[in-house]
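Shown next, in structure tokens, is the structure this report addresses.
For ligands, and for the atoms within them, numbers begin at 1 and follow the listed sequence. Being a predicted model, the structure only gives us computed values, none of them experimental.
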Amino acid sequence: MLISRCKLIKYPEDLPDVSVIVTFHNEAWSVLLRSVHSIINKTPKHLLREVILADDCSDMPHLGEPLEKYFVDYQKVKIVRATSREGLVRARLRGYRVATGAVLVFLDSHIECTEGWIEPMLDRISRNWTTVVTPCIDVIDDDTFGFRFQGAKDMFAGGFDWKMVFIWHSLPENEQKRRNYEDHLPYRSPTMAGGLFAISRAYFTYIGTYDDGMDIWGGENLEISFRIWMCGGTLETTPCSHVGHIFRKRSPYKWRKNVDVVRRNNIRLCEVWLDEYKQYYYDKIGIQTLPEYGNITSRIELRKKLKCKSFEWFLKNVYPEMWVPGESLAYGQIAAKTQPYCLMGDCGYGQTGKPISLVNCSSGHNKVMYLTMAKEIKRDNGCVDYSGKPGIQMESCHQRRGNQEWEYREDNTLYHVFSQKCLEISQDGQTLFMNTCLGTDYQIWLWNRNGPPGPTRNWNSLD
Ligand code: UD2
Ligand code: MN
């Protein structure tokens, strides 16, 4: 259920009005109409200036004339079209150029707005024009199209990893505290998913809209998130605004041939905003020399003109929970002392719960693990987790210690703080288990006691 406190809030009558910009490329008819009708029906008339449908050169017949005809009597619905496929950034910019509302709301084309979705966002922006707001994104099931409402318990903020992939994480304790653990209050988020947000039109212009050199999909969400924070704005989510979105299992449309556009977009973003931290992305994707990524001069000038802060400032002040590889307390393969076996933890996107296994240390697998400042043993987005039940597995990192808090002790044992047990390899070298710490050779693990080369945050410097 919607947090009940949300329903009690009275918003001023004179909130700023909005231009809702929906970009689409080959969207299904019913899905697009569901999106547009929900916008019209759920936005108070006096607040809705217009709905701009920005067609990114769709070639499905229903999106041509039939769409024009369907909306012919809707004065507030405007359709703008690209004559060649431009990608979502340039399609959104096409919408922005014709928008006249005080606030812009960008939405994907497969969404559903709910009652009261707009007021909480407009309220925040009307108090401070540099606040950028996202709604809570609920899930619309991509098989049944049913709407799955998220409650207050599932509040997530946005983060990212060094593959420059957007990730969700639970609200850090500090942020909970800052808002007195009150579920209905907006919370700050280091990044946003990218598809659904409200921003003052003047502010969008002021901070340099989007990087129009970004193509098709990807990267623009982190780029605008970093830019908002580093250049003096605030990015937050209001739990009182809910919009559903169809998360699709795979991308339904065509991409460019011969170019990895996501990587190219990410390089643009790294070169402009990440300072020396960009190295972590390049290490992660394994490139030594940069492929062609276009011209970024105007974006670098923008950063100077707006006197934006450094990426280190962002990591210290906005996202202190972010894991920085160079700050690791230990890193590399974790090798058993007694046998030629190393720990292997597998945790791709969305897959968790896999048991930690043992593989030959000289095998080709990437077995590099990190001991983070939050005392996790980490690989990708997974952390070694021991729940007290038999089995040690990779789970998503939660930074709340508990099952994921480990110490690599002076005597080279791997100590699980909560259970007070040590990691042990069986005498036949086949299995792993947790045992009372005895300091026997089967509990000794060899690991480098430092982080990999790379920038680290200087927590003491002032900025
Ligand atoms: C997420 C965002 C999306 C965007 C993307 C990163 C949410 C819910 N969605 O992925 O908005 O920030 O991350 O780039 O946060 N489109 C075009 N032209 C194209 C490709 C896409 O117009 O060449 C449209 C598409 O029809 C859709 C929107 O752009 O309305 C976003 O694309 P998506 O739904 O494939 O992205 P999504 O939700 O996987
Ligand atoms: Mn989408």
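For the side chain to side chain contact (heavy atoms under 4.5 Å, CB included) with Asp215, the qualifying choice from Val261, Val259, Leu88, Val89 is Val261, the only one to do so.
Contact annotation for Tyr253 and ligand 1: only side-chain heavy atoms (C-beta onward) come within less than 4.0 Å of the ligand. Only the side chain of Arg92 comes within contact range of ligand 1, with a heavy atom under 4.0 Å; no backbone atom does. Only the side chain of Arg85 comes within contact range of ligand 1, with a heavy atom under 4.0 Å; no backbone atom does. The part of Glu220 lying near ligand 1 is the side chain, judged by heavy-atom distances below 4.0 Å.
Under 4.0 Å is where a charged nitrogen must lie from a carboxylate oxygen, and between Arg85 and Asp56 at least one such pair does. Using a 4.0 Å cut-off between a side-chain N of Lys or Arg and a carboxylate O of Asp or Glu, Lys284 and Asp380 qualify as a salt bridge. The residues Glu223 and Arg299 are annotated as salt-bridged, a charged nitrogen and a carboxylate oxygen being separated by less than 4.0 angstrom. In this structure, Lys76 does not pair ionically with Glu50, as no charged nitrogen and carboxylate oxygen lie closer than 4.0 Å.
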*Begin from the C-alpha positions of Glu86 and Arg90 and carry the test salt bridge (charged side-chain N to carboxylate O under 4.0 Å, His left out) through to its verdict.*
CA-CA 6 Å; Glu86 300 189 310; Arg90 289 186 292 260; 5.1 Å; no

*ring pair (Phe, Tyr, Trp, His ring centres under 6.0 Å) between His169 and Phe160: does it pass, once the steps are laid out?*
CA-CA 9 Å; His169 57 78; Phe160 69 98; 9.7 Å; no

*List the steps and the verdict of salt bridge (charged side-chain N to carboxylate O under 4.0 Å, His left out) for Arg178 and Glu175.*
CA-CA 5 Å; Arg178 190 186 66 83; Glu175 184 55 13; 2.7 Å; yes

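Within ligand 1, the atoms closer than 4.0 Å to a non-hydrogen atom of Ile216 are 19 (C), 20 (C), 23 (O), numbered from 1 in the order shown. Listed by atom number, the atoms of ligand 1 under 4.0 Å from His245 heavy atoms are 8 (C), 38 (O). When each atom of ligand 1 is checked for a heavy atom of Arg248 under 4.0 Å away, the hits are 33 (P), 34 (O), 35 (O). Those atoms of ligand 1 with a heavy atom of Gly195 less than 4.0 angstrom away are 2 (C), 3 (C), 7 (C), 9 (N), 11 (O), 12 (O), 15 (O). Listed by number with element, the atoms of ligand 1 under 4.0 angstrom from any heavy atom of His110 are 27 (C), 30 (O), 34 (O). Close contacts of ligand 1 with Ala193, meaning ligand atoms under 4.0 Å from a residue heavy atom, involve 1 (C), 2 (C), 12 (O), 13 (O), 15 (O). Counting atoms of ligand 1 from 1 in the listed order, those under 4.0 Å from a heavy atom of Gly194 are 11 (O), 12 (O), 15 (O).
Side-chain contact between Leu48 and Asp17 is absent, with no heavy-atom pair separated by less than 4.5 Å. The shortest side-chain heavy-atom distance between Val98 and Ile52 falls under the 4.5 Å cut-off.
Between Asp108, Leu88, Thr23, Asp56, it is Thr23 that holds the heavy atom closest to atom 25 (C) of ligand 1.
Protein heavy atom at the shortest distance from atom 26 (O) of ligand 1 is His25 N, 3.1 Å. Nearest to atom 37 (P) of ligand 1 among the protein's heavy atoms is Trp217 NE1, 3.6 Å.
Nearest N/O/S atom of His110 relative to the Mn ion (ligand 2): this is NE2. Looking only at N/O/S atoms, Asp108 comes nearest to the Mn ion (ligand 2) through OD2.
Ring centers of His398 and Phe156: at least 6.0 Å apart, outside the cut-off.
The closest approach between any non-hydrogen atom of Gly218 and ligand 1 is below 4.0 Å.
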